[in-house]
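Read the structure below first, then the notes.
As a basis for the values below, the full set of heavy atoms in this structure was taken, side chains included, without hydrogen atoms, waters or symmetry mates.
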Amino acid sequence: MIEIELNTTDVTVIDQLRAILRNAIYPVRINNLIQITGVNMSTVCYQNGTGFQCRCEDQYRWSCDQCVSYGNCDDITSDTCGCINAIPPDGQYCQSVHYQNFTACPTTTASPTTTTTSPTTVPTVPQTLYEYMIEIELNTTDVTVIDQLRAILRNAIYPVRINNLIQITGVNMSTVCYPNGTGFQCRCEDQYRWSCDQCVSYGNCDDITSDTCGCINAIPPDGQYCQSVHYQNFTACPTTTASPTTVPTVPQTLYEYMIEIELNTTDVTVIDQLRAILRNAIYPVRINNLIQITGVNMSTVCYPNGTGFQCRCEDQYRWSCDQCVSYGNCDDITSDTCGCINAIPPDGQYCQSVHYQNFTACPTTTASPTTDSSTREPSTTDQITTVDATTQRTTVTNSTTPEASTTEQITTADNTTQLTTVTNSTTPESSTTEQSTTADLTTQLNTVTNSTTPEASTTEQMTKVTNSTTSAPTTGESTTANLTTQLTTVTNSTTPATKQTTTADPTTQPTTDTGSTATTEPPTTTAIPPPTPTTAKPADILLLAMSFKMNVDFTSDLNDKNSDKYKKYKGDIEPVIWGQYWKNMPGFISAVLTSFSRGSVIANFDVMTTAADPTAISNANAGIATSLPAVYKIDISSFNIIYNSNTVLSYKPTTIYSGGTMTLECGPPPDTVKMGTIKNVEWKRNGRVLTSTGRFTINTEDFASQKTKLAIKNVIAEDEGKYECTLKSDKIYFYQTGQIDIKDAPIIQTKTEMNTKCEEGKSQPLECCVQTPYKLMWKEGDVELITNETPDNCIKFNYQIKNCNRPSIVTLTCQVKDPTGYEKTTKLTIFVGAMICKDDPVYGSGQVKDTSVAPCAKGEDGEKTAICGSDGTWKVQSNTCVLTAINALLASSQELEEATVGDFLTKLSNTSGNLKEKIVSSIATISTIVDILRIVASVSKNISQSAIKNILETVNVLVSDEAKASWTTLNANQSRNTSSSLLGSMEFFAGSLPTKSFNVTTQLIQLNQNTINNSFSTDLNSSVLIEIPETNSNHLTITTLTFSSLINVLPVRNGSIQSLNDIINGRVVLVKVNGTTENVLLNFDKVNKSLTLNPQCVFWNFSLFNSFGGWDNAGCNVKSKENGRVTCHCNHLTSFSILMSTSIPKEIQDALDIITYVGVGISMGSLVICLIIEACVWKAMTRNNTSYMRHVSIVNIAVSLLIADIWFIIGASISKNSLENPGEDTTTPIPACTAATFFIHFFYLALFFWMLISGLLLFYRTVLVFSHMSKSTMLAIGFSVGYGAPLIIAVVTVAATAPSGGYIKENQACWLKWDKTMALLAFVIPALTIVVINFLILIVVLYKMLRRGVGDASQPDERNAVVVIARCLAILTPFFGLAWGLGVGTMVDPTNKGIHIVFALFNSLQGFFVLVFGTLLDGKIRSAIAGTFSSILPGSDRTRSTSGGAATSSTSALNFIRRRIRRNVYNVSEAANSSNSTDAIESFINT
């Protein structure tokens, strides 16, 4: 009957369990021997207020005494109750009413018929208080743990309540043991002592006082520890001091145990895997200094066979004849044994080894199973050893003869803290004394020491005994096996004349399990006591892995241990190996043939010994070669011997951090292994052979001392894993392994140089950050500063400025607390004087030429350095911030081998894809990835299809449009050729692909590889056509890489100069052929079809510009250019594109600059004068509605044009063309440029719509003569059309194009984009439409005026206004129409110098024409000015001075806008001819 306790806080679990048990069908069969007949729930306990109640389930009750003891919570009936008010501390539970005879309640219980049962009259049983002393052993190598434990126990407050029934009254540390040289010392804590006999037995290491000592020189093998001086009565020391020479001691004995383990499984593959594990295991396996496993073999496999079972023996194991006969043999009986029986022996027997077992001969007459099974006498000693999967139990069953006096010591080590019950039974009339000891979870039982007196009866040592047995020999018990612990060493010491029968001698009784039988006969063995105490150290067991070669053909059946050939080879070879090593090698223990492998046939075998002498090994191997039959053809020179060390590699430091240096030490081998002279060494990391290159240094100078060291610099995460070292001599190889773990080093982030203005009492904040779990501190000198810690694992310190008499420099250090050695220093410069660069969020404040060094963002390595400029901004001098993940890949790439390239490229591709947004904006990271690809190219000889896919995915990130600004900065750096290096790596990869046809396509790159015969033609990406009419040979492989955005990467360097007037106007195609060709045609689709001037067919020449690379047209020429396509003919293959010169004639660029700046200055000055004049004559000139609206229109035209010119200047100062400003940062601030473009667009449109208002006013006053409209209505219409319509168009344009990046040109000019979205049409269409409408109005007005005259107007003033409007429109409309129409002319004929000059002149003088034709040509305005201001000329002079000043001011801005203005001032033309390339801006400058 098995009792199970379930703990749960969920009531539904109990209900579900009731339902499951109620519906279960019994019996439930576990196997052929075990079945479950029923499962019932008996008791449910739960909290009730401050205590507990335990209620019985149906058919279960509490006995009367329990009801009275704990208090019943329901009625007592039939001497039982169903509920009590406590959880019984003795573990009792409700009993079944069917199987339990409940004890009747006492007779004094009041009868229910006469009186109510009173608690006072019921005799109660008082609860018993139990006190337990629990001993706990803690194993640790960290001394600080002991100190921490002391502090915890010292500060603990007792009692500690576990629950209502259990509390801890105190916890004390009693004993601390630690290594001392070659042994151990065990010291007692305060108030604890060793007894005198222990001090004498193990040797005291301090004085013996009061019959005790505080320290002994050993760990007592019996598990004793220091005892309390308050509770222990220590035995007095002998009256005479015992001399060490008179203390009888017994040398320690080496015991060998054979442990049997049973494994239950339904998966056959588990058996095969177990065979493989045991075959490849390296023995001995050392558990600790006292215990080791010398070997593990599988002996028996049992499985169902029809209605029964069959049990087959593994190789080298057999069933004895009596078992074959008893259970029925299922194969032949040979040599008094069989290999298979038809049952599982119920007594737990299994197959026995043919090497260790003397099988009993079969009877002369065949014995029936019934007679053989009865021959076993009840007095036979049986031992069944079983190891449980979770508790690793070894079960020993002993039965003794009558009249035997047996003392049993049972030691139970419980790894799972479950209570283990021990039950032993012996035959009748035996006197048995049982002692049970439990060792808690923290330790495994290593040694049990027992002492017996002379004539003592048997002492039995049983490890983890959990079995109960009877005297019948046919009972057995088996449990699930765990193979992790299989060898236990038991040390026994006895006094003279003591019979010791517990030692198993493997040479004489290999199959006899450890057992003891006491008799009254004289002792059979006697241990002779030495005169002085001695300790016998067990010899170290060495495992030698050996092999030799047989010059015979290998067949697959040698891998099958069940094959006849394998059995024959093993049967022939293994006994010879055993015999030769037994004969020649001192200390030989065992030998086993483990496997055969290819290479002819390699026989692998293991030899176990206590000494490895090369001479003895050579003699044994020579004997093997001569003793085996000649058919095996042994190669005497092929013997290979490897000693597998029991120890692991040592390393320093004990904790290894990335970025640091670590050293591993291999060897020396033990003295028992005679290696001779070390000739060579091999180091491996995770199976990869390491050489003394790069970060690795292998030290061979210690070969004389049979050691070697491996030093690794700049440790990275990939250095973690298994390390193997093989020291090689002519005779023996020494093999040692070790596992290395790497921790991420602390990454400190703080400003290393910063500046602050000196202000007495000012607090300058300093911040330092590191990743968790590290902790930081700020220090000034050796003084730790008080800091505040933030949630993101940073510390902050406010440095107080005290004196501002002069500038000063303060040095502070941010350090990691643990581990030490990681720190960064901050140099704080406190300056006196004006602050030029003010409070930058990254670099702070500073004076001119001050330097500030800021940390990178989290996840990046490096720093950013900037210098304060005279304009008040910080100029970045260097930015080495590389993403930490990419930096780690760079470090890994230093040790790349061709075999590991594939996995590495997968990591690189995944990392690049995941971090794309950060990579494209980091110049240093892009450069690092290019360096990684260059390293991969240098390592790889062949690139697989999957590898090139990962490469293209990585490059796809680098060449994206988002990375364009970063590449512009990289190409301006004259010390690096990053772009050329990237293209060079791609050319190498294209030439290293497998010779087969395949395609790989990414978002921006297309790879095509084809096998060609004689000729080749293909259309790449519908934009490039390549044709090779004839090749010099057949079966050529041609590889093409088509880049749709490599123009973002490659600079426009053409020939011997850096060209400012060229752009890349086609796809870049990389072509690689594994042969030669001299006739190649390439047809490119132009990206910007409006560029027509001087196209060139070019290839990338890596040798130009001091090997920086540039575009070259040698060997290539333009064959045709039509319909937006250019055909090139080349006599070689490489990276091709078409380089298109811009459309602006270079010889007139300077003239256009002068016209632009002078004209804009005159225009802006004229508009200011116009507005001043209008303000002066406003009242005099606006006396009727027509005149009023005419002047409103003129003022708004002037205001719109003036504001548009101002925003034009702002936009020019914001943007810089990368080609016009080589070497400078040309990144355009998108928000600012977008705003400038919006206002330029809006006010230029407003200019035209107010021109439309003037035309409509003229049409209204001329054609609709009799229609009258109020002034307010005309104003409403005018402002609605003049500003409302432009606002709607401008807003719709920015909303439709800005989100997709198609609103502005970015790094070309702050103006509407033409390519992709054609946003420029939002200006061109309304402007030219208004010009056409005004022309039509003029025609209609002129026609009416010629027929009727202007006299139809009712008033002379209105007639004058109409004439002026007509004259103004007649002049300004053609002027504006011509000016902006010339922009179209520059698009149609971009090489016409005249069109460019006239367009620049007309557009720059628009304001001047408004002043002249809109204001000064009006006679009434002139009269009003003359009448109002008598001194008009001086005022005009001042006005001209102002205008000139404006022009001068504008001209003074040439240093930063001259080339921008040249493009932006002619908005229509320039935008219409722009392209994605920065060169395209130059194409249409002469609008």
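Surrounding NZ of Lys565 are more than 12 heavy atoms belonging to other residues, nucleotides or ligands, all under 6.0 Å away. At most 12 heavy atoms of other shown residues, nucleotides or ligands fall within 6.0 angstrom of atom NZ in Lys709.
Under the 3.5 Å distance criterion, with hydrogens and angles disregarded, a donor-acceptor pair is assigned to the side chains of Tyr735 and Glu724. Side-chain contact annotation: Ser658 with Lys743, donor-acceptor N/O pair under 3.5 Å absent. Thr647 and Gln736 are linked by a side-chain donor-acceptor pair at a separation below 3.5 angstrom, with hydrogens and angles left out of the test. Side-chain atoms of Tyr581 and Asn621 include a donor-acceptor pair closer than 3.5 Å. No donor-acceptor contact under 3.5 angstrom links the side chains of Thr594 and Asp606, judged on distance only. Checked by atom type, the side-chain pair Glu718/Ser892 shows a donor-acceptor distance below 3.5 Å. When only modelled atom types and interatomic distance are considered, Asp572 and Tyr632 share a side-chain donor-acceptor pair under 3.5 Å.
Using a 4.0 Å cut-off between charged side-chain N and carboxylate O, Arg685 and Glu895 make a salt bridge. Ion pair Asp730/Lys679 flagged as a salt bridge, since at least one NZ, NE, NH1 or NH2 atom sits closer than 4.0 Å to an Asp/Glu carboxylate oxygen. The pair Lys561-Glu314 fails the salt-bridge criterion, with no side-chain N (NZ, NE, NH1 or NH2) lying under 4.0 Å from an Asp/Glu carboxylate O. Salt bridge status for Asp719 with Arg695: present, with a side-chain N to carboxylate O gap under 4.0 Å.
In this structure the side chain of Leu274 reaches within 4.5 angstrom of the side chain of Met298, judged on heavy atoms. Side-chain atoms of Tyr723 and Ile712, non-hydrogen and from C-beta on, do get closer than 4.5 Å to each other. Residues Val681 and Ile698 have side chains in contact (heavy-atom distance under 4.5 Å, counting atoms from C-beta outward). Looking at heavy atoms from C-beta onward, Val354 lies out of side-chain contact with Tyr317 at the 4.5 angstrom threshold. In this structure, Ile740 and Tyr651 have side chains that are in contact, with non-hydrogen atoms separated by less than 4.5 Å. For the pair Val901 and Glu897, the minimum side-chain heavy-atom distance is 4.5 Å or more.
Tyr178 and Phe184 have their aromatic ring centers separated by at least 6.0 angstrom.
Between Tyr733 and Met675, the shortest heavy-atom distance links the atoms C-CE, 4.1 Å. The two atoms that bring Gly738 and Leu649 nearest to each other are N-CD1, 3.7 Å, heavy atoms only. The two atoms that bring Cys302 and Thr300 nearest to each other are SG-CG2, 4.0 Å, heavy atoms only. Shown here for Ile541 and Pro284, the closest heavy-atom pair between the two residues is O-CG, 3.1 Å. Here the closest non-hydrogen pair linking Gly667 and Leu727 is CA-CD1, 4.4 Å. Scanning both residues, Phe554 and Asn559, for their nearest heavy atoms gives CZ-OD1, 3.6 Å.
Taken together, Cys351 and Cys313 meet the criterion of an SG-SG distance shorter than 2.5 Å. Remark: Cys666 SG to Cys725 SG, distance under 2.5 Å.
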Test log, rule side chain to side chain donor-acceptor pair (under 3.5 Å), inputs Asn604 and Ser595: CA-CA 5 Å; Asn604 304 299; Ser595 66; 3.1 Å; yes
Would you give me the side-chain donor-acceptor pairs under 3.5 Å for residues 583-593, sequence neighbours excluded?
unit_1 : atom_1 : unit_2 : atom_2 : d
Asn584 : ND2    : Gln580 : O      : 2.8
Asn584 : ND2    : Gln580 : OE1    : 3.4

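The backbone N or O of Glu720 lies less than 3.5 Å from a partner atom in the side chain of Asn686, making a donor-acceptor pair. Under a 3.5 Å cut-off, the side chain of Ser627 and the backbone N or O of Ile624 do not form any donor-acceptor pair.
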